[in-house]
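Counting starts at 1 for both ligands and their atoms, in listed order. Below, each value reflects all heavy atoms present in this structure, side chains not excepted, and no hydrogens, waters or symmetry copies.
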Amino acid sequence: MTIAVINGPNLNLLGVREPEIYGNKGYKDLCREIKKYGKAKGIKILTFQSNHEGALVDYIQSLLKKADGIVINPGAYTHTSVAILDALKAVNIKTVEVHISEVSEREDFRQVSYIRDYCAKTITGHGTKGYTEAIDFLCGEENV
Ligand code: DQA
């Protein structure tokens, strides 16, 4: 099984960026942990981050016939991007939406998610643990 974990804009600055909201763990450490978690489960984890909408669309397209599941935190593009929604629909790979923060308790403009209805599950406000919970869900372990 192969799962792609995709992060959108500004998530490369995890650990530095608003740590009171997003925590102290850096993006590289997060990727290392997720890959280790996958390895222990016998799953191949691919990681990708970009600050560019088109690069995220290109990467999602590249997963066709390559990944069995997608975990995506589109960052701010969550609230704006029809292109990311369309790319996910195009490849038709089971997808979980993850947000580190509890977006439902934040600004009005964060209340819209273009991808939410398409995703099999959404995990918000669990910090970076949300990524491994999403992996568990994609593996059929519905304890989240
Ligand atoms: C986020 C929430 C978004 O509103 C924000 O733009 C992000 C991160 C989260 O993980 O909580 O960049 O997706």
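- The pair E107-R110 counts as a salt bridge, with a side-chain nitrogen and a carboxylate oxygen less than 4.0 angstrom apart.
- Set against the non-hydrogen atoms of R110, the atoms of ligand 1 under 4.0 Å away are 3 (C), 4 (O), 5 (C), 6 (O).
- Among all protein heavy atoms, the one lying closest to atom 2 (C) of ligand 1 is V103 CG1, 3.6 Å.
- Ring geometry for H99 against H79 counts as parallel: the plane angle stays under 30°, on a 0 to 90° scale with 60° as the upper cut.
- Remark: ligand 1 atoms within the under-4.0 Å shell around heavy atoms of I100 are 9 (C), 10 (O), 11 (O).
- At the top of the distance list for atom 12 (O) of ligand 1, counting protein heavy atoms only, stands R17 NH2, 2.9 Å.
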- Go through E141 and K41 one step at a time and tell me if the salt bridge (Lys or Arg N to Asp or Glu O under 4.0 Å) criterion holds. CA-CA 12 Å; E141 296 159 29; K41 284 177 165 290; 2.8 Å; yes

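- Residues T128 and Y27 have side chains not in contact (no heavy-atom distance under 4.5 Å, counting atoms from C-beta outward).
- If you check which protein heavy atom lies closest to atom 11 (O) of ligand 1, you get S101 OG, 2.6 Å.
- Within the 4.0 Å heavy-atom cutoff, Q111 does not count among the residues contacting ligand 1.
- Proximity annotation for atom 1 (C) of ligand 1: of E18, H99, H79, H99 comes nearest, heavy atoms only.
- Of the charged side-chain nitrogens involved, none lies within less than 4.0 Å of a carboxylate oxygen, so that E97 and K121 do not count as a salt-bridged pair.
- Using a non-hydrogen distance threshold of 4.0 Å, N10 does not register as a contact of ligand 1.
- Tracing side-chain contacts under 4.5 Å through hydrophobic residues (I, L, V, M, F, W, Y), one reaches Y131 starting from I21; they form part of the same cluster.
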